[in-house]
Amino acid sequence: MTEDVPPRPKARAPRGFQDRRADALAAERRILAAVSRVYESYGFEHLDTGAFEYADALGKFLPDADRPNEGVFALQDDDEQWMALRYDLTAPLARFAAENWDSLSKPFRRYAYGPVWRNEKPGPGRYREFLQCDADTVGSDRPEADAEIIAMAVEGYAAAGLPRSAYALRINNRKLLNGLLTAAGVVESGQKLAVLRAVDKLDRLGPQGVVSLLGAGRKDESGAFTKGAGLASAAIDSVLAFVEAGRDTRVATLDRLSEVIGGSAEGDEGLGELARISEALGRMEVGEDQAVFDPSIVRGLEYYTGAVFEADISLQTVGERGESVRFGSIGGGGRYDDLVARFTGQKTPATGFSFGVSRLAAALAAADGQGDRQRGPVVVLALDQALMGDYFAIARELRAAGLPTEVYLGGSGMRAQMKYADRRLSPAAVIVGGDEIAAGTVTIKDLDLGRALAASVADNQAWREGRPGQVTAPRGELVAQVRRIVEAAA
RNA sequence: GCCGCCUUAGCUCAGUUGGUUAGAGCGCUAGAUUGUGGAUCUAGAGGUCCUCGGUUCGAGCCCGAGAGGUGGUACCA
């Protein structure tokens, strides 16, 4: 009988999706706990919403029949409605706030964290599923609300464990550049957008590159040509002067900006908002090195209407192959006064910030040298089938005493069991065979001690017979002996 | 989306002008060591040579298309 062999599926994660193991998860959990504590200390309430939203709630990236998954992961519900996985936490917040507006106490302040999904080309440090952690204030147009968001972001990074010198929040206001462009006679929206994109590339291309992109266009090393914004040279000069207006302190930058902006109504409004943010940041004692006014910050998102924030990490690390590893932006946000209005028709001021948790975790791991590995449990070796009951009794006793413990459940011999415990980074192994049962004792091995000694032992016979870190104690001392070893390891 | 490069064992890679049975290191499993982790030695398992089509007596190698990966660029709510 010949049977068709069913094709075997290839075991692989979808591209852009990653498996995270205990070490990475523990790091994420630490970050989320630390940042949540900061948010709650400012009075923000925790909110969780579902992974899916109806597509029309997600904004202008609606799935259409031809390309339903452009940018988002979308599917059609059994009532034909399009639903899509959320691509950030802000759109669901806007929906929630609009849906519950009448019953919420205003301003509504909430924080949220969870995975978001984007259906786009993955790259290094860029996934199609990743964690964000957001805090937003809905219903306050005060610049002080922005200042508070900034202060929390700075505090959040510190609480997560980033060294102060490794990060900074860069702050700008959309109204400044808008006002400047209006004053310079640039009113066409496509052209404005091109200017924003050009300015955004200052850090990567430098002033020269930005000037080309503001003007006719730019050809890169690969020969590809990017069309420019087509500004006149006078306008280019004023944009460049604006972009380079950054000074050592927030107040000095403000002074310089007021010289450069040139008195448009919108520009003055932006300056006024930044001044009040500056005042509040000063009184909240947010350091000049932690929160910087930087006119070149744009944030691509079109929905921002006022202040914009972006967190940069300056950490430079070296990867496994000696290449330098750069982490991009590790968070961003800003003021979006029109998002809730999409649902309610009423202009509702809102401002918020989003931590890129996954990137932050990667940055932290690089900063402190790959981070700590999670310790394994105490392993009770299964040496004798007839004694399995005793092994489970021992494990129960240890767990009851608060010591994570497992009985080895594989089928391999003792050597493999020791190796198993070693590779799990277990602090101790409990060895009970016929000898111990007969004598009423337990043998406990301190695996860390052996790990430390291993380097200096060359001869296997000596290594084995030396039995480093191994004690045999009366059965009644089991918990005390194991606890001593585990606590020394922690 | 566009341009370049790449795809051979779990991982990193070698593979001669196109010629018999496709290799190495690391890792994995086991033995040397009946009850002891590292090192050493030995053995073993592990392959759709990315896929499909073509050229050829013969293709891992040549040609075409596609997929995936990667770097740059564009976009990025």
Side-chain angles (χ1 to χ4, degrees), chain A residues 5 7-8 10-12 14-16 53 57-62 67 70-72 84 86-92 94 116-124 126 128 132 193-194 196-197 200-201 204-205 209 213 217-227 298-304 320-321 323 328-329 332 334 336 339 342 354 379 381-384 410-426 428-436 443-470 472:
Chain A
V5 183
R8 288 192 309 232
K10 187 170 182 180
R12 70 212 210 281
R15 66 201 179 90
E53 292 286 340
L58 285 181
K60 58 185 175 7
F61 289 83
L62 298 182
R67 302 190 305 173
E70 186 69 17
V72 297
R86 64 189 181 202
Y87 56 77
D88 70 9
L89 296 174
T90 311
V116 302
W117 296 267
R118 296 185 186 182
N119 190 4
E120 57 189 26
K121 180 183 162 189
R126 218 181 137 127
R128 293 155 94 194
Q132 286 194 333
L193 202 59
L196 290 180
R197 284 185 191 137
D200 196 29
K201 294 188 173 60
R204 197 152 49 83
L205 303 180
L213 283 174
R218 175 174 176 275
K219 185 181 274 194
D220 62 50
E221 312 85 63
S222 74
F225 181 76
T226 310
K227 193 165 174 289
V298 170
R299 303 288 300 162
L301 332 188
E302 276 180 81
Y303 62 58
Y304 289 125
E320 283 174 21
R321 300 179 181 188
E323 82 279 20
S329 154
Y336 49 98
L339 220 51
R342 288 188 41 246
S354 176
V379 175
L381 302 195
L383 299 177
D384 184 339
S412 299
M414 181 169 185
R415 178 187 165 87
Q417 298 189 33
M418 290 298 298
K419 199 168 175 175
Y420 173 83
D422 184 40
R423 289 218 274 179
R424 292 260 256 138
L425 262 195
S426 293
V430 176
I431 303 167
V432 174
D435 297 349
E436 283 83 0
T443 296
I444 296 152
K445 182 153 186 157
D446 179 342
L447 294 173
D448 279 357
L449 198 60
R451 276 189 269 264
L453 259 41
S456 58
V457 177
D459 173 43
N460 187 251
Q461 180 121 14
W463 161 252
R464 284 160 55 106
E465 289 175 358
R467 305 204 168 164
Q470 194 162 315
T472 295

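Chain naming here is simple, since letters A, B, ... match the order of the sequence lines and numbering starts at 1 in each. From a predicted model like this one, the values you see are computed outputs, not experimental measurements. The basis for the numbers below is simple: all heavy atoms, side chains too, and nothing from hydrogens, waters or symmetry mates.
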Student: Below 3.5 Å, does any donor atom in the side chain of A:Glu436 face an acceptor in the base of B:G35, or the other way round?
Tutor: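 Yes.
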Student: Salt bridge or not for A:Asp422 and A:Lys419, using N-O below 4.0 Å?
Tutor: no
Student: OP1, OP2 of B:A30 versus side-chain N and O of A:Arg415: anything below 4.0 Å?
Tutor: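 Indeed not, no polar side-chain atom of A:Arg415 lies that close.
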Student: Please confirm whether any donor atom in the side chain of A:Gln417 sits under 3.5 Å from an acceptor in the base of B:U36, or the reverse.
Tutor: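 By the distance-only test, no, there is no pair.
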Student: May I ask you to say what A:Lys201 touches in the nucleic acid, namely base, sugar-phosphate or nothing, with a heavy-atom cut-off under 4.0 Å?
Tutor: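 Here A:Lys201 touches the backbone only, sparing every base.
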Student: Could you please spell out the steps behind the side-chain contact (heavy atoms from CB on, under 4.5 Å) verdict for A:Val379 and A:Gln417?
Tutor: CA-CA 9 Å; A:Val379 175; A:Gln417 298 189 33; 5.8 Å; no
Student: Quick check on RNA chain B: between A:Ala416 and A:Asp448, whose nearest nucleotide comes earlier from the 5' end?
Tutor: A:Ala416
Student: Under 4.0 Å, heavy atoms only, any strand: does A:Asp384 hit a base, just the sugar-phosphate, or nothing?
Tutor: nothing
Student: Looking for any heavy atom pair under 4.0 Å, which part of the strands does A:Leu381 touch: base, sugar-phosphate only, or nothing?
Tutor: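 Answer is nothing: A:Leu381 stays at 4.0 Å or more from every strand.
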Student: Do the non-hydrogen side-chain atoms of A:Thr443 and A:Lys445 ever get within less than 4.5 Å of each other?
Tutor: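 Sidechains of A:Lys445 and A:Thr443: no contact.
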Student: Is A:Arg423 near enough to B:G38 that one of its side-chain N or O atoms lies under 4.0 angstrom from OP1 or OP2?
Tutor: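 For B:G38, OP1/OP2 do not have a side-chain N/O of A:Arg423 under 4.0 Å.
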Student: Is any side-chain N or O of A:Lys419 closer than 4.0 Å to OP1 or OP2 of B:G27?
Tutor: no
Student: Take atom P in B:U48 and the same atom in B:U8, then report the distance between them in whole Å.
Tutor: 12 Å
Student: What does A:Leu453 touch in the nucleic acid at a heavy-atom separation under 4.0 angstrom: a base, only the sugar-phosphate, or nothing?
Tutor: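 The residue A:Leu453 makes no contact with any strand.
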Student: Is there a side-chain polar atom (N or O) of A:Ser412 under 4.0 Å from OP1 or OP2 of B:U29?
Tutor: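 Answer no for this pair, as no side-chain N or O of A:Ser412 is under 4.0 Å from OP1 or OP2.
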